[in-house]
> 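Sending over a structure as structure tokens; questions will come in a sec.
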Amino acid sequence: MEMIRSGADTLDAVVAGVNIVEEDPDDDSVGYGGLPNEEGVVELDACVMHGPTRRAGSVASIRGVKTPSKIAKLVMEQTDHVMLAGEGAARFARAYGFKEENLLTEKSRLAWLVWKRSLRDASGHNNWTDGLDAPLKPTARLKRMFPDVNDELLAYAWDRAIHPPTGTINCLALNTKGEMSGVTTTSGLAWKIPGRVGDSPIIGAGLYVDQDVGAAGSTGRGEENIRIAGGHTIVENMRHGMSPKEACLDAVKRVARNYDNDPARLAKFDISFYALRKDGEYGSATLWSGTTKNGQVRPRQFAVNDGGKSRLENCAYLHERR
Ligand code: GLY
């Protein structure tokens, strides 16, 4: 917001905004410290769209770079392509001076190892744990496996092991000249198959910006968003007269429709959409009203700053989490 106020381009501002979290080792949902794939390697996805020039850039499954949003912007600005993936994206980043870095923090490595050691085959066996001579309860076994790790960190790692998150940031901006931009960045689904790409780097799914109408993006289970091309769907909904909130709710309903609106199947995942219209109206909608933590339901929220203090607002939702 400081950059937008001082006249910076909206794309520079949103990328700088998400860079703060991408570079934060304590955030395990994007960039450095993001939870890794099933082999313990962090693979990141990101894309950007610049409203005024109507250009886009994207990287998928990139390794060794903390800030994939910067590389997506470079793809947009410096190449005749829109999307680079995997090794090619990493080599492109090196060509622009980005050093190869280890993105796995001790915290995310621990969460990965706890996940790996908690897996079982059909007969309940795992080669990464001690075997027949370990008749301990899962928590006691964990404590024995990781004797030097404190209880709080172990509880965090166990929670991540059994609830693999799809944390992501989608950031949309509009300035007083009416210019818009957006970025989406993520480390994707924790423990994914190497090479799995979610919705975040896909223009039209994880992000879409049309300077004439507005912008939209998503967080949550990317597979569901890809199947409805959520970002583009929401912008088209707004083009045809829906408010940002209605447009996001319509996208959520399309996701639910793909499961015949069966709450039991929908309960297995969550997904949220965000939209900002060219006139400044904004909204968000999510599949479930909230997340459950320690037996409490916390509402799904999104962050807004319209020039003053930042605040959190509740998302509209399709189903109430009880
Ligand atoms: N929405 C992030 C992902 O599914 O990878």
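The structure presented is a predicted model; accordingly, all values stated were derived computationally and were not measured. Counting starts at 1 for both ligands and their atoms, following the listed order. Only this structure's heavy atoms are used, side chains among them; waters, hydrogens and symmetry mates stay out.
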> Judging by distance only, is a nitrogen or oxygen of Gly198 under 3.5 angstrom from one on ligand 1?
no
> Report the nearest protein non-hydrogen atom to atom 2 (C) of ligand 1: residue, atom name, distance rounded to 0.1 Å.
Thr168 OG1, 3.1 Å
> Measure up the Tyr282 and Phe302 rings against each other and bin them: parallel (under 30°), tilted (30 to 60°), perpendicular (over 60°).
perpendicular
> Just distances here: any N/O of Gly220 and N/O of ligand 1 closer than 3.5 Å?
yes
> Describe, in one word, how the ring planes of Tyr259 and Phe269 are oriented to each other, choosing from parallel (under 30°), tilted (30 to 60°) and perpendicular (over 60°).
tilted
> At less than 4.0 angstrom from any non-hydrogen atom of Asp199, what atoms of ligand 1 do you find?
1 (N), 2 (C), 3 (C), 4 (O)
> Going by the order shown, which atoms of ligand 1 are within less than 4.0 Å of some heavy atom of Ser200?
1 (N), 2 (C)
> Counting only N and O atoms by type, is there a donor-acceptor contact under 3.5 Å from the side chain of Ser118 to the main-chain atoms of Val114?
yes
> Please confirm whether Arg221 comes within less than 3.5 Å of ligand 1 when only nitrogen or oxygen atoms on both sides are compared.
no
> Any heavy atom of Arg196 closer to ligand 1 than 4.0 angstrom?
yes
> For Val149, is there any backbone N or O sitting under 3.5 Å from a side-chain donor or acceptor partner on Lys143?
yes
> If we only count N/O pairs under 3.5 Å, is Ser218 in contact with ligand 1?
no
> Which heavy atom of Ser61 sits nearest to which heavy atom of Glu43, and what is that distance?
OG-OE1, 3.9 Å
> Determine whether more than 12 heavy atoms belonging to other residues, nucleotides or ligands lie under 6.0 Å from atom CZ of Arg120.
yes
